[in-house]
Number of protein chains: 2
Amino acid sequence: MKQHIFLTRRPETLPTWNAAFPNARLMPYPTSDSALAKSGEAIIWLHIAGDKPDPALLVQESALAAPGCAVVVLSNVPSDEEGLAVLEAGAVGYTNSLAVPEVLRQVAAVVENGGLWVGPSLMQRLIAGMATRSGQINNGQLGKLSAREREVALAVAGGASNKEIARRLQISERTVKAHLTAAFERLGVRDRLQLSLLINGLPSPAAEFQKTVH
Amino acid sequence: MKQHIFLTRRPETLPTWNAAFPNARLMPYPTSDSALAKSGEAIIWLHIAGDKPDPALLVQESALAAPGCAVVVLSNVPSDEEGLAVLEAGAVGYTNSLAVPEVLRQVAAVVENGGLWVGPSLMQRLIAGMATRSGQINNGQLGKLSAREREVALAVAGGASNKEIARRLQISERTVKAHLTAAFERLGVRDRLQLSLLINGLPSPAAEFQKTVH
DNA sequence: GGCCTACCTGCCCTTTGGTTCAATGGCAGT
DNA sequence: ACTGCCATTGAACCAAAGGGCAGGTAGGCC
């Protein structure tokens, strides 16, 4: 059972958090990085109220201050856009700050197992948006990769950086590079950009360019 | 605690299911609709082995036979495409049929709370695919760039390195970088990979649309 | 037991990519 | 003549990507 740290601007709010995790630590925000850094393995619950500071930035700062910790965002006014932003920034969970304790524990269990938690609403949108063009992904190529390599390769094909991938998969950046190097080798490409083109099934590399210079 | 009903063609398989839910009911598949109908509130675990019958259809049949019940799909050979298909068809969960009891209970808990469960791999793809598109629905795209910037951007979108572009356009590598920096700025992307995705029309449905009308 | 593969990571290095702070010259419009 | 945009480039710099070497775990197979 990991430790739970709630970062918030209003420490007095939301007794539901304590109901969910009696042994949770409540820290005012902003917090000194050092305080977070030595907290070890923990789940950071980042409470965002307004959009004054960019939520995505807050996530990245928190992740930076507490390396190895999963960051879950609690929003007062959840929206799909905000959820998308924080998840892209490396958060592994996004939910309503008023969620009942049961749901909070649920989220905690999921992220502890290396999962990602998003609400039903956002999830539906993700699925709907993806379904329309899922056929374009090149799977013959992906079959050549191991499970982990495939995960990394797909993230790269989506435009993610090594750091982001490491954060999402809870592995070191070095390991991401290792998987990528293996993927490049197996698929016969030289870098992440060509990997992206291959996976996304796009016209042969440099074809567009050739047209412009012929 | 809801009831758990496992639908499978091979009732003898997978003791892990019973380990996860000792009080589960195992029903051979296909099942008479009536038997399912009177089961009341339950979670239907639909075990699919091959792709002989369309998994998506099976989900819809099950959902029809047992109204109000959540349907979770267990696949012997999980793939992102299959997952996408069954989730679209109305399933609220998709995971490996060999998943350990802990994960199964995890899934059950999530769907009982009205959540949707997808595996990390598929989730990764959903996020990666969706994330980059948040921001630019306005695709003036290449039109926003100067002639030279467009040339360089297209070359990058095709997978070329700065050095290659410099050589083929007969300019210095430094100039290539200058054009690229300008292009990133104008298109609102952060690096060459995202530029590639944007230009190639992957990030946004709107981009696809623009391409088809012009 | 060895052997293989997948997976994970450290340290350290080179290469590439990207930016900052400049400068120069052409070319069009007012 | 002045202003603005564009193309071009250098030097220097920092960050990201990629890979070599070395090591660790864990599981499957013979």
Side-chain angles (χ1 to χ4, degrees), chain A residues 41 60-61 63-64 67-68 89-90 113-114 142-199 205-206 212-213, chain B residues 96 98-100 119-121 124 140 142-199:
Chain A
E41 281 239 325
Q60 289 173 334
E61 286 172 12
L64 218 60
N113 289 356
L142 288 174
K144 297 179 182 174
L145 305 179
S146 76
R148 209 55 163 162
E149 287 160 6
R150 186 160 43 239
E151 283 184 88
V152 175
L154 282 168
V156 163
S161 71
N162 289 346
K163 207 180 297 269
E164 290 169 338
I165 299 171
R167 172 110 212 107
R168 287 179 194 168
L169 297 187
Q170 295 281 294
I171 57 181
S172 78
E173 203 174 326
R174 179 65 186 87
T175 306
V176 174
K177 291 178 180 180
H179 286 314
L180 272 182
T181 300
F184 295 158
E185 161 73 22
R186 294 194 189 192
L187 298 180
V189 296
R190 70 158 181 246
D191 58 31
R192 55 173 50 260
L193 185 38
Q194 298 202 338
L195 174 70
S196 163
L197 294 174
L198 183 65
I199 290 180
T212 68
V213 280
Chain B
N96 197 317
L98 299 171
V100 295
S121 163
Q124 196 61 51
L142 294 172
K144 291 181 178 176
L145 306 179
S146 74
R148 207 56 163 162
E149 286 161 3
R150 184 160 43 240
E151 282 184 275
V152 175
L154 280 171
V156 164
S161 71
N162 289 348
K163 209 181 297 270
E164 288 169 340
I165 300 170
R167 191 165 54 242
R168 289 145 88 178
L169 290 185
Q170 298 284 307
I171 56 180
S172 80
E173 201 175 331
R174 175 65 187 83
T175 308
V176 174
K177 290 181 177 182
H179 288 313
L180 272 183
T181 300
F184 295 158
E185 160 75 22
R186 296 195 183 189
L187 297 180
V189 296
R190 71 161 180 242
D191 57 33
R192 55 178 45 233
L193 184 40
Q194 298 202 337
L195 174 71
S196 163
L197 293 175
L198 184 66
I199 289 181

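Each chain gets a letter, A, B and so on, in the order the sequences are listed, and its residues count up from 1.
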Check your understanding: Using a cut-off of 4.0 Å on non-hydrogen atoms, how would the nucleic acid contact of B:Thr175 be classed: base, sugar-phosphate, or nothing?
Key -> base
Exercise for review: Provide, to the nearest angstrom, the distance between the CD1 atom belonging to B:Ile171 and the P atom belonging to D:dT9.
Suggested key: 6 Å
Check your understanding: Are B:Leu195 and B:Leu180 side-chain neighbours, meaning at least one heavy-atom pair lies under 4.5 Å?
Key -> yes
Point to revise | Residues, nucleotides or ligands: over 12 heavy atoms within 6.0 Å of B:Glu185 CD | key: no
Practice item. Take the C1' atoms of the five end pairs on each side of the helix from C:dG1-D:dC30 to C:dT30-D:dA1, derive the two axes, and give their angle rounded to 10 degrees. Key: 40°
Review point. Rounded to the nearest 0.5 Å, how far apart are CD of B:Glu173 and OG of B:Ser161?
Key: 7.5 Å
Revision key, fill the gap. Chain B reaches DNA chain C, atoms under 4.0 Å from its heavy atoms, from C:dT16 to C:dC21
Point to revise | Sidechain N-carboxylate O distance under 4.0 Å for A:Glu164, B:Arg190 | key: yes
Check your understanding: Below 4.5 Å, heavy atoms only, C-beta onward: do B:Arg192 and B:Phe184 meet side chain to side chain?
Key -> yes
Check your understanding: Should A:Val156 and B:Leu193 count as side-chain neighbours, where that means a heavy-atom distance under 4.5 Å?
Key -> yes
Exercise for review: Please round to the nearest 0.5 Å and tell me the distance separating atom CD1 of B:Ile165 and atom NE2 of B:His179.
Suggested key: 10.5 Å
Check your understanding: Any side-chain heavy atom of A:Arg148 within less than 4.5 Å of one from A:Leu169?
Key -> yes
Review point. Once you round to the nearest 0.5 Å, how far does CG of A:Leu145 lie from CG of A:Leu187?
Key: 4.5 Å
Check your understanding: To the nearest Å, how far apart are B:His179 NE2 and D:dC6 P?
Key -> 11 Å
Check your understanding: Under a 4.0 Å N-O cut-off, is there an ion pair linking A:Glu149 with A:Lys144?
Key -> no
Revision key, fill the gap. Scoring nucleotides 14-25 of chain D by protein non-hydrogen atoms under 4.0 Å (B base, S sugar-phosphate only, - none) yields --SBBBBB----
